[in-house]
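So the structure is just underneath, and the comments pick up after that.
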Amino acid sequence: MSTTSEFWLDVHSEISRVAGMELSTKDAADGDWLRRSQYNRVIDSAVARVARRRGIHRVLVQGQRCRTYKDALRSLGDALELPGYYGQNYDALDECLRELLEIDDGHLGAVFGDRVGRPASGLLVVIDYAENLLAEESSQELATLMSVLERAAHPLPDPLGRPAPRTGSFDVLLFSRGSERHG
């Protein structure tokens with residue numbers, strides 16, 4: 001399984017090779033799973049090529065449809081094709097992301113039981129127009145969502161010591177097209 005940081009290293013190399021550009025460096029508070037950048041077609045294409053080459057499923061979420069907590073959780077659920085029992089709250093998103101990333105016979109999402117799953121080694125969520133993400137909510141809502149997404153990238157060990165299931169990588173790219181509301 002490829003790691004998150006290897007994915008971003010490949011993206012940086014691809015962007016540099018194709019256009020002599022760099023993907024903006026991560027914010028100090030961001031982990032190895034998250035990148036933020038102003039939208040650029042070259043960067044978007046390079047990210048898509050690397051994801052395809054690595055067998056990573058790329059999902060696009062429109063930030064304009066995620067201005068409120070309710071809308072963000074619905075849009076994420078729809079884009080990620082979460083199962084019918086997804087409760088559209090942070091706990092449900094956390095649980096469903098962990099289940100989605102369990103790779104059963106090489107397929108993301110097969111653990112849901114209502115599908116075969118996608119043949120992929122990981123998941124990349126690209127949020128376009130990220131400056132709109134939870135724009136009508138408090139900054140605490142954005143921090144909570146980011147915390148849930150980070151847990152998907154770095155799952156906690158099982159408290160009972162059971163072996164962890166094989167999971168795919170998880171990365172997030174926030175593309176902004178204007179000024180960001182949240183830092």
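FYI, the numbering just counts along the sequence from 1.
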Can you establish whether the number of heavy atoms outside R53 located under 6.0 Å from its atom CZ is more than 12? yes

Answer yes or no: does atom CZ of R65 have more than 12 heavy-atom neighbours from other residues, nucleotides or ligands under 6.0 Å? no

Just wondering, do [Y] and [X] contact through their side chains at under 4.5 Å, heavy atoms?
X    : Y    : answer
V61  : L133 : no
R67  : Y129 : no
Y69  : T144 : no
L142 : E137 : no
D171 : L34  : no
L101 : L108 : yes
L149 : V125 : no
L100 : F170 : no

Inter-residue atom distance [X].[atom1] - [Y].[atom2], 0.5 Å rounding:
X    : Y    : atom1 : atom2 : value
D32  : H154 : CG    : NE2   : 3.5 Å
H12  : I43  : NE2   : CD1   : 9.5 Å
F7   : R35  : CZ    : CZ    : 9.5 Å
L124 : L60  : CG    : CG    : 10.0 Å
E131 : R36  : CD    : CZ    : 12.0 Å
C96  : L76  : SG    : CG    : 11.5 Å

Please tell me whether E141 and Y90 have a donor and an acceptor in their side chains that are separated by less than 3.5 angstrom. yes

Shortest non-hydrogen separation from [X] to [Y] and the atoms involved:
X    : Y    : answer
Y86  : G77  : CE2-CA, 3.6 Å
G63  : N132 : O-CB, 3.3 Å
V172 : W8   : O-CZ2, 3.7 Å
A130 : I127 : CB-O, 3.7 Å
F112 : L82  : CZ-CD2, 4.1 Å
F175 : N40  : CE2-N, 4.2 Å

Could R98 and E95 be called an ion pair, given the rule that one side-chain N must be under 4.0 Å from one carboxylate O? no

Is the shortest distance from a Lys or Arg side-chain nitrogen in D71 or R74 to a carboxylate oxygen in the other one below 4.0 Å? yes

Do V42 and V47 share a hydrophobic cluster (ILVMFWY, side-chain heavy atoms under 4.5 Å, transitive)? yes

Main-chain N/O of [Y] paired to [X] side chain as donor or acceptor, under 3.5 Å:
X    : Y    : answer
S147 : A143 : no
S121 : R54  : yes
Q88  : K70  : no

Walk me through it: do L173 and D44 pass the test side-chain contact (heavy atoms from CB on, under 4.5 Å)? CA-CA 10 Å; L173 172 59; D44 190 25; 5.6 Å; no

